[in-house]
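Heavy atoms only: backbone and side chains are in, while hydrogens, waters and symmetry mates are out.
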Amino acid sequence: MIGRTWEFGPDTRVLASAAVGGPMESEGIIGKHLDHTFDDLYAGEDTWEKAERKMLSTAVDTAIQKSGKQQADIGVYLAGDLLNQNITASFSAQKLGIPFMGIYGACSSSMLSMTIGASFVNAGYTQYAIVGVSSHNCTAEKQYRYPTEYGGQKPDTAQWTVTGAGAAVVGKANTGPRVRYATIGKVMERGVKNPFDMGSAMAPAAVDTIISHFQDTGRKPADYDLIVTGDLASVGHPIARELLFQAGYDMGEQFSDCGLMIYNPDQETFAGGSGCASSAVVTYGKLMQEVAKGKLKRILVVATGALLSPVSYQQGENIPCIAHAVSFEND
Amino acid sequence: MTTQHAKQVQQEQAYDQLAQKHRPKPKVLANCLKAFFVGGFICIIGEALNMLYGKGFGYPKDVASSMTVATIVIITCLLTGFGVYDNIGQWAGAGTAVPVTGFANSIASAALEHKSEGFVLGVGGNMFKLAGSVIVWGVFSAFVVSLIRTLVIMSIGG
């Protein structure tokens, strides 16, 4: 460990990953990278909650299948979502039958679960672990905001919760993208209270983690082919870029945001995508494949999470945020 | 302690200034115009219905206005159920939120949203989740206003 950054051994790698999405995601620019898409928000189920669970299960099953491993080979399933009591993750685990640990880091759960999974593998507690996250536009709106058919006007700083799920099998292997570094986030806030402006709320946490990552590893922005934040979108991402510039890091062209890599500009998603699935579908659907092929040599995924609850913001509290960064490398 | 607090406030203000540069400007004028015309258009429909029920069908004035409100509410609920009202509301803003359409939509959307949790705890328990606040504070404001009115009349008339 150096500072807040953990380094995993060279044999801790991603064996396979999979991403699934809903109807809007399949029409978006991420569409062609998804392993499976559902053309209906209910995914053939009778509730949105079950639909979200089906998406997570599909992503997990597909990732295991692609890894060539059997369920029995996998020692632990780590998953998280946005719903109260993490019901998507735990209900999906019941069906899966792999020993399970639920995690919560809001939208940072993708890289939180990857960090924990890689740690268990690296420590030798298990040979293989599967990590996964999900979010669903309707279940998230229902829980955090208003009914989905409510006609209240949202500001342009609002974001669109991504419907989908992503999963990855991480384990001891000689090939596949190496999971090299994980920089653990600190919880912080800068006075933002507006739940329709998550990008502004989360940008400082992303910046803090990225700076720590550079300090701990001695790397600089140009050492990466791509650095993506999870879901800062068109408001938070330029804020993060400016804060990093002020701190002496010129992020350059290769600094992007997963929330801006999912939908077409003509799809009305306000500032861009958000939710656990935002970083997951982009990382596990597109980026991991490109790292495996060598199109990208080194990437850093900085998954950002807003740790609010409807109660906390109704009580007038600021939105505390976190960001976890993981580097994936082709070596 | 107080200097620490002042420092924090200063930091938050500095951050807000930086963030504000990257936030899209709220389209106040466009939103006001849209709200004015859409709200006005809904009122025209209401007025036309009122005339139809009153003059056309010959209902008494109070019955005709109740029927007008009921018709607008039914249309709103249908549009909510077909999943188009939220798109109209996003475009029209206060234009659809302020008339009775906004109230009807808040109830219909909550009922739809929570149907999967059952008719008693889901639909029944959540239908007024948003509209309840309008009723509570609407009734309370009416009480305050009528109290003031009564006191004024008493002091002048007495």
Side-chain angles (χ1 to χ4, degrees), chain A residues 41-42 45-51 137-139 141-143 145-158 160 188-194 196-204 207 232-246 268-272 310 314 318, chain B residues 8-28 31 34-35 38 76-77 79-97 99 101-117 122 126-127 129-131:
Chain A
L41 280 170
Y42 281 98
E45 301 288 328
D46 56 359
T47 68
W48 290 322
E49 286 75 10
K50 284 183 193 165
N137 185 276
C138 302
T139 60
E141 287 297 311
K142 180 176 177 176
Q143 177 170 305
R145 298 176 190 97
Y146 301 117
T148 45
E149 296 303 331
Y150 177 62
Q153 194 174 39
K154 287 183 187 169
D156 292 332
T157 52
W160 186 267
M188 56 180 56
E189 50 91 0
R190 286 283 179 273
V192 179
K193 291 180 194 288
N194 183 0
F196 289 110
D197 187 11
M198 297 291 206
S200 302
M202 295 190 293
V207 168
L232 296 183
S234 67
V235 177
H237 194 257
I239 297 174
R241 187 186 287 277
E242 185 171 339
L243 288 172
L244 284 161
F245 189 78
Q246 285 176 0
E268 285 182 16
T269 56
F270 308 100
Q314 280 167 11
N318 296 344
Chain B
Q8 197 194 334
V9 170
Q10 207 176 14
Q11 271 183 350
E12 288 180 0
Q13 280 171 347
Y15 179 66
D16 191 58
Q17 267 179 8
L18 186 149
Q20 195 58 35
K21 285 195 298 184
H22 299 284
R23 291 181 185 132
K25 303 253 175 309
K27 304 175 193 83
V28 179
N31 282 342
K34 284 182 197 169
V38 176
T76 305
C77 291
L79 289 174
T80 304
F82 287 125
V84 290
Y85 185 91
D86 56 331
N87 301 327
I88 301 172
Q90 177 61 36
W91 191 83
T96 46
T101 46
F103 189 74
N105 164 253
S106 74
I107 297 174
S109 62
L112 277 173
E113 187 87 351
H114 295 279
K115 189 175 154 271
S116 65
E117 290 144 46
N126 288 293
M127 255 176 108
K129 200 161 82 169
L130 298 163

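At a 4.5 Å heavy-atom cutoff, the contact between B/A110 and chain A is made by backbone and side-chain atoms alike. For chain A, the nearby part of B/L112 is the side chain; its heavy atoms alone come within less than 4.5 Å. Residue contact with chain B, scored on non-hydrogen atoms closer than 4.5 Å, is absent for A/P155. Interface remark: B/Q20 contributes no atoms to any contact with chain A (heavy atom separation under 4.5 Å). Residue A/E268: no heavy atom, backbone or side chain, is found under 4.5 Å from chain B. When heavy atoms are compared at a cutoff of 4.5 Å, B/K115 does not approach chain A at all.
For the set B/G83, B/G81, B/P26, the entry with the most heavy-atom pairs within less than 4.5 Å of chain A is B/G83. Among B/D16, B/T96, B/N31, B/N126, the residue with the largest count of heavy-atom pairs under 4.5 Å with chain A is B/N31. Counting heavy-atom pairs closer than 4.5 Å to chain B, the top-ranked of the candidates A/P238, A/A271, A/A203, A/C138 is A/P238. Most heavy-atom pairs under 4.5 Å with chain B: of the set A/L243, A/D46, A/T148, this distinction falls to A/T148.
Only one option out of B/R23, B/K25, B/K27 pairs with A/D156 in a side-chain hydrogen bond (donor to acceptor under 3.5 Å, both in side chains); it is B/K27.
A salt bridge does not link B/E113 with B/K129: every distance from a Lys NZ or Arg NE/NH1/NH2 to an Asp or Glu carboxylate oxygen is 4.0 Å or more.
A donor and an acceptor atom, one from each side chain of B/Q8 and B/E12, are located under 3.5 Å apart.
Within a 6.0 Å sphere centred on CZ of A/F196, other residues, nucleotides and ligands contribute more than 12 heavy atoms. A 6.0 Å sphere centred on CH2 of A/W48 holds more than 12 heavy atoms belonging to other residues, nucleotides or ligands.
A distance of 5.0 Å separates OH of B/Y15 from OG of A/S200, quoted to the nearest 0.5 Å.
Remark: B/K34 is positioned above the aromatic ring of B/W91, its terminal NZ or CZ atom under 6.0 angstrom from the ring centre and at most 45 degrees off the axis.
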